[in-house]
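Fair warning: this is a prediction, and the values are worked out from it, not measured in the lab. In what follows, every chain begins at residue 1, and chains take the letters A, B, ... in the order their sequences are listed.
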Number of protein chains: 2
Amino acid sequence: MNASLQTVSTPADRPLRADARRNRERILAAAQVEFARSGGDAQMDAIAAGAGVGVGTVYRHFPTKDALVAQLIRARFEQFVATAHAALEVEDPWEAFAGFMRANAQHCAQDVGTQFMFLQAGPELAPTLARETGLLDLSQQLIDRGQRAGVLRADFAADDIGMIMCGVASAMHHGSAHWDWQRHLGFVLDGLRARPA
Amino acid sequence: MNASLQTVSTPADRPLRADARRNRERILAAAQVEFARSGGDAQMDAIAAGAGVGVGTVYRHFPTKDALVAQLIRARFEQFVATAHAALEVEDPWEAFAGFMRANAQHCAQDVGTQFMFLQAGPELAPTLARETGLLDLSQQLIDRGQRAGVLRADFAADDIGMIMCGVASAMHHGSAHWDWQRHLGFVLDGLRARPA
DNA sequence: CTTGAAGATGAATGTCGGTTCCGTTTCTGC
DNA sequence: GCAGAAACGGAACCGACATTCATCTTCAAG
């Protein structure tokens with residue numbers, strides 16, 4: 001499985017029939033639940049069952065499993081975008097940036113499907129989505145603020161965010177007794193803070 | 001697949017026949033190559049072919065694919081142990097620690113199989129092996145030195161190392177154009193350095 | 001050199017899980 | 001209401017792999 005970026009035909013090609021729209025939502029919800037439960041390898045049958053729907057219906061909405069995953073990921077990125085907007089409202093430039101990172105990590109922690117995304121999805125999916133959804137720009141703004149204020153190290157770049165989130169996600173994915181992703185993120189954030197000198 | 005810790009019957013149960021020992025080595029080598037090439041999902045047939053051997057032979061040496069993977073991982077941990085010993089010889093406490101981390105990451109970078117291990121193997125495998133091989137103790141010594149010298153943050157623990165390596169490995173695993181695991185590790189190491197105040 | 005045990009072989013087996021297909025059911029515009 | 005399009009259902013299909021097994025080969029002790 002290699003979740004490439006299949007543009008799911010969500011665009012209002014034709015206004016979906018009422019029941020179809022309902023099912024579509026159910027499927028996405030069930031997929032999220034199922035991915036969370038199984039830790040990344042949910043089965044189409046299970047997703048269909050969870051949505052109270054036949055497999056065929058799942059395939060009517062998403063031509064392939066990858067397409068379904070891609071849609072989940074896209075939705076998550078839209079959440080990231082919202083978080084970024086919120087962060088830009090925060091006064092303190094460091095807290096704005098750090099809070100953004102923490103909030104995103106928190107979202108990942110609550111949805112194993114997203115961790116799955118960072119760990120298993122095609123390498124280009126995350127960067128591409130970040131660009132397409134505008135997340136990259138927003139992140140850049142947060143970074144610029146931090147760097148202008150001298151609280152964020154100057155050599156940090158927007159592209160690094162994905163890499164770091166990926167690393168943090170992998171820590172939470174394992175959930176080994178001693179592994180605490182919040183510690184991990186804390187270490188990294190401390191590393192990103194500008195050094196006094 | 002869930003590489004639990006199957007103690008492969010390497011122990012000199014009975015001195016393997018000469019050709020058998022040779023094949024065993026070939027299989028391990030081929031497995032490493034094959035995992036590296038395929039990015040973590042090597043097939044038994046491919047491994048057998050790479051070793052110039054029939055599949056049955058692979059199964060004669062390793063009862064299951066997991067057992068084979070476990071053996072590869074165990075070997076890698078022995079390499080880590082060697083690195084740790086070398087690091088303990090280094091004068092500067094910070095360089096000893098940081099060099100240890102960098103060297104291990106480097107080893108991972110050269111062998112996708114190891115990245116696979118950190119990312120896919122059962123959550124308990126790494127911690128368990130770290131204990132069994134003595135790596136945990138050695139790491140602790142490196143950490144103690146750093147903390148006594150005041151160059152390593154006081155709240156860092158040996159258990160954190162696996163988590164961090166896991167994160168770094170996940171970054172290199174994707175190898176997205178903009179993702180550079182050395183940057184990632186650099187950020188983290190900066191975060192681990194004791195703050196002046 | 002013989003011989004039997006250890007080892008090797010690879011086609012065949014079994015399972016798992018994504019995807020397809022077509023008969024049936026449910027909407028919705030008229 | 002009705003017709004026809006849209007959607008649904010889920011058994012069946014199919015490829016991909018890990019694993020097995022009956023048979024053949026090679027080593028090494030005596």
Practice prompt. Answer with base, sugar-phosphate or nothing: what part of the nucleic acid does B:Ala18 contact at a heavy-atom distance below 4.0 Å?
Written response: sugar-phosphate

Item to complete: Calculate the interatomic distance between A:Tyr59 atom OH and C:dC22 atom C1'; express it in whole Å.
Response: 17 Å

Worksheet entry | Basic-acidic side-chain contact under 4.0 Å: A:Asp190, B:Arg153 | yes

Discussion item. Assess whether a salt bridge exists between A:Arg22 and A:Glu25, defined as any Lys/Arg side-chain N lying under 4.0 Å from an Asp/Glu carboxylate O.
Written reply: no

Worksheet item: Rounded to the nearest Å, what distance is computed from the CE atom of residue A:Met44 to the P atom of nucleotide C:dC16?
Response: 19 Å

Discussion item. Taking 4.0 Å as the cut-off, does a side-chain nitrogen or oxygen of B:Thr64 come that near to OP1 or OP2 on D:dT19?
Written reply: yes

When the side chains of residues 47-54 of chain B are checked against the rest of the protein, which donor-acceptor pairs come out under 3.5 Å, sequence neighbours left out?
none

Worksheet item: With respect to the side chain of B:Asp19, which nucleotide from D:dC27, D:dC8, D:dA18 is positioned closest?
Response: D:dC27

Fill in: Spacing between A:Asp45 atom CG and D:dA11 atom C1', to the nearest angstrom
11 Å

Worksheet item: Rounded to whole angstroms, how far apart are CZ on B:Arg26 and C1' on C:dG7?
Response: 14 Å

Item to complete: To the nearest Å, give me how far apart CZ (B:Arg21) and C1' (D:dA28) are.
Response: 14 Å

Discussion item. At 4.0 Å (heavy atoms only), tell me whether B:Ala42 reaches a base, stays on the sugar-phosphate, or touches nothing.
Written reply: sugar-phosphate

Worksheet item: Which of the following nucleotides, C:dT20, D:dC8, C:dA8, is nearest to the side chain of B:Asn23?
Response: C:dA8

Practice prompt. Could you check which of C:dT19, C:dC27, D:dA6 has an atom nearest any side-chain atom of A:Arg60?
Written response: D:dA6

Practice prompt. State whether A:Thr57 places a side-chain N or O below 4.0 Å from either non-bridging phosphate oxygen (OP1 or OP2) of D:dG9.
Written response: yes

Item to complete: Describe, in one word, how the ring planes of B:Phe156 and B:Phe97 are oriented to each other, choosing from parallel (under 30°), tilted (30 to 60°) and perpendicular (over 60°).
Response: perpendicular

Worksheet item: Taking atom C1' of D:dT20 as reference, at what distance in whole Å does atom CZ of B:Phe62 sit?
Response: 18 Å

Fill in: Interatomic distance where NE2 belongs to A:His61 and C1' belongs to D:dA6 [whole Å]
10 Å

Worksheet item: Rounding to a whole Å, what distance do you find between B:Gln43:CD and D:dT19:P?
Response: 13 Å

Worksheet item: So which nucleotide from C:dA8, C:dC27, D:dT20 ends up closest to the side chain of A:Arg22?
Response: C:dC27

Fill in: Selected nucleotide, minimal atom distance to B:Arg17 side chain, candidates D:dA28, C:dT26, D:dT19
D:dA28

Fill in: Nearest-nucleotide 5' precedence on DNA chain D, B:Asp41 against B:Leu16
B:Asp41

Worksheet item: Of the candidate nucleotides D:dA7, C:dT19, C:dG7, which contains the atom at the shortest distance from the side chain of A:Val55?
Response: C:dT19

Worksheet item: Would you call A:Glu95-A:Arg102 a salt bridge at under 4.0 Å N-O?
Response: yes

Discussion item. Just to be sure I understand the rule, does A:Ala46 reach a base, reach only the sugar-phosphate, or reach nothing, if contact means heavy atoms closer than 4.0 Å?
Written reply: nothing

